[in-house]
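Values in this document were obtained by computation on a predicted structure and should not be read as measured data.
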Amino acid sequence: MEDQEALDLAADWADISQGLRKDLGQQMHSQWIKPIQLGSFCKQSGTLDLFLPTEFSANWVQDRFHDRLSLAWKIARSEVKNVRIQVHPGRRKMADLNLGTAQSAQRHAANDRMQGRDSLSDNGFISSVGLDPTLTFAAFVTGTTNVLAFNAAERMAKVEKPQFSPLYLKAATGQGKTHLLHAIGHAYLQNHPKARIFYCSAERFMVEFVQALRQNEMIEFKARLRGFDLLLVDDIQFIIGKASAQEELLYTIDALLAEGKRLVFAADRAPQALDGVEQRLLSRLSMGLVADIQPADIELRRAILESKLTKFAPLEVPSDVIEFLARTINRNVRELVGGLNKLIAYAQLTGQDVSLQLAEEQLTDILSANRKRITIDEIQRTVCQFYRVDRSEMSSKRRARAVVRPRQIAMYLAKVLTPRSYPEIGRKFGGRDHSTVIHAVRLIEDLRQRDADMDGDVRSLLRQLES
């Protein structure tokens, strides 16, 4: 990379980073964005490399901020087509970090202090939390798929002693388990202002453990770790195979439980599915309550999107866009919210109105990864069976109400459930003009708002097609 190009990239990154600091807040920015280092930019492919010091942090930023970083760079530099986030080639991967030097662990502890976390003593062991201020119980949207975990998390933070401990939150990536961990910490501190909380990932626990081991400070480490009132450990699956750390965690759990302290763990799998974990530790992790968070259903996805819209007021997001996002982005909540944020950010930065067309254009990667491959033929067949009309009526010129309305509903569903354009949909319905399809889509949208029977029919068809 030439010197001038490097300077230009650095200047762009300074602007982007400053903007993200305003959006995310100082704490989140310091923890995840500030450590990013600029890599090379390939003009031929349009790929810009961004580096982070550990595999864990690279994966975290990739999951949560890739879309936002990619959009920011594309706006700053039109030649940037792809942003690639990875571990710095000169840094050790996580496996090496777990066996790394005391200096490596010291850097992590120093980073924590820079990120606003309090230090318990001069030796740098973490005593406070660095909780995300946005991840509270009030900001968590509940539905049938996550209400058990939410209620259990709320009870864990109350003044009264919980009926169960530890609480083990099990959920796939992006379904809200980390949100609940942070929410427990916030609520517990409100109810117990003088409480001491230890919040970390399993990787963070490993770093602290290695530091204490290599500095011959295990006695201090154990004493301080067991002095906390609430222990919150995220991504416990990353402690797999680390025998000495597992043993220390086991003894810590026993000591805290014996003193009536509270423990919460989170992982992407059930305790019994943690291969490589010592049996005694497995029994401790599962001895309280294992609360499973299932993937958000369509009703919960709608509610989450609606709740997020309040922070963008008075920006208007049409109801058909919300419905489209809720139905199409169904893998996890993080992708769903990320898609909404990306769409709104693009609209605000370019001065465009939020629309269904804009969503389809700007969220291509997210939508393609989430879409079930539903065809227009399948939609026509399902609609014809539902309304008991002959399949040929989808392409016929007949204008009897008994066939026109099912045909219009099928056009509407084709637009909602497939990536096909208006002209493409028209061709599948007997070569009709795109304006006919647009009319059908708008008509059904309007009827769903005014006619409960029509809305019920469409919902029933959507369930059949998406099941």
Side-chain angles (χ1 to χ4, degrees), residues 30-32 34-37 51-61 86-130 196-256 261 263 265-267 274-282 284-285:
S30 295
Q31 187 169 0
W32 301 110
K34 190 175 180 180
I36 294 175
Q37 293 184 10
F51 295 129
L52 281 132
T54 70
E55 184 176 352
F56 179 82
S57 59
N59 289 339
W60 207 98
V61 171
Q86 53 190 329
V87 180
H88 195 292
R91 300 293 183 94
R92 296 180 178 179
K93 299 265 175 93
M94 187 175 70
D96 294 327
L97 178 62
N98 290 339
L99 298 175
T101 63
Q103 287 82 359
S104 175
Q106 286 173 332
R107 283 196 300 271
H108 281 277
N111 284 339
D112 284 323
R113 288 192 292 273
M114 291 171 61
Q115 292 158 13
R117 297 175 181 174
D118 298 328
S119 178
L120 185 63
S121 69
D122 293 337
N123 64 16
F125 291 124
I126 299 173
S127 70
S128 191
V129 289
R196 303 168 74 200
I197 297 178
F198 183 43
Y199 169 80
C200 68
S201 67
E203 185 196 32
R204 181 77 245 155
F205 181 89
M206 289 299 305
V207 169
E208 295 296 323
F209 178 81
V210 169
Q211 178 186 6
L213 188 65
R214 292 187 172 274
Q215 293 182 344
N216 295 317
E217 294 177 341
M218 284 304 299
I219 294 177
E220 294 86 346
F221 176 80
K222 293 177 181 180
R224 299 183 188 284
L225 188 60
R226 295 169 194 180
F228 293 106
D229 302 296
L230 174 64
L231 180 67
L232 305 166
V233 183
D234 202 357
D235 291 321
I236 195 68
Q237 68 270 11
F238 288 131
I239 206 166
I240 291 173
K242 314 301 187 296
S244 56
Q246 287 188 36
E247 184 175 8
E248 182 52 44
L249 181 58
L250 172 67
Y251 292 149
T252 298
I253 292 173
D254 285 345
L256 293 176
K261 305 295 181 66
L263 301 92
F265 301 96
L274 295 172
D275 295 332
V277 174
E278 204 267 334
Q279 187 59 43
R280 291 181 301 160
L281 180 55
L282 287 179
R284 300 303 194 282
L285 294 174

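For the pair V277/I236, no side-chain contact is recorded, criterion being any heavy-atom separation below 4.5 Å from C-beta on. At least one side-chain heavy atom of F265 sits less than 4.5 Å from a side-chain heavy atom of I253. Side-chain contact between T252 and K222 is absent, with no heavy-atom pair separated by less than 4.5 Å.
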Might you work through the salt bridge (charged side-chain N to carboxylate O under 4.0 Å, His left out) test for R226 and E248, ending with a clear yes or no?
CA-CA 11 Å; R226 295 169 194 180; E248 182 52 44; 2.8 Å; yes
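Closest non-hydrogen pair, F205 versus A245, comes out as CE2-O, 3.9 Å. Here the closest heavy-atom approach between residue L225 and residue L256 is recorded as O-CD2, 4.4 Å. Residues L52 and W32 approach most closely at CD2-O, 3.8 Å, considering heavy atoms. For the pair D235 and A202, the tightest heavy-atom approach, listed with the atom from each and the gap, is O-CB, 3.2 Å.
The distance from atom CD of Q246 to atom CZ of R280, rounded to the nearest 0.5 Å, is 10.0 Å. Annotation: the span from L263 atom CG to L230 atom CG amounts to 7.5 Å, rounded to 0.5 Å. Rounding to the nearest 0.5 angstrom, the gap separating the CG atom in L274 from the CG atom in L285 is 7.0 Å.
Without hydrogens or angle criteria, R196 side chain to G227 main chain gives a donor-acceptor distance under 3.5 Å. Within the 3.5 Å criterion, the main-chain N or O of L231 finds no donor-acceptor partner in the side chain of K261.
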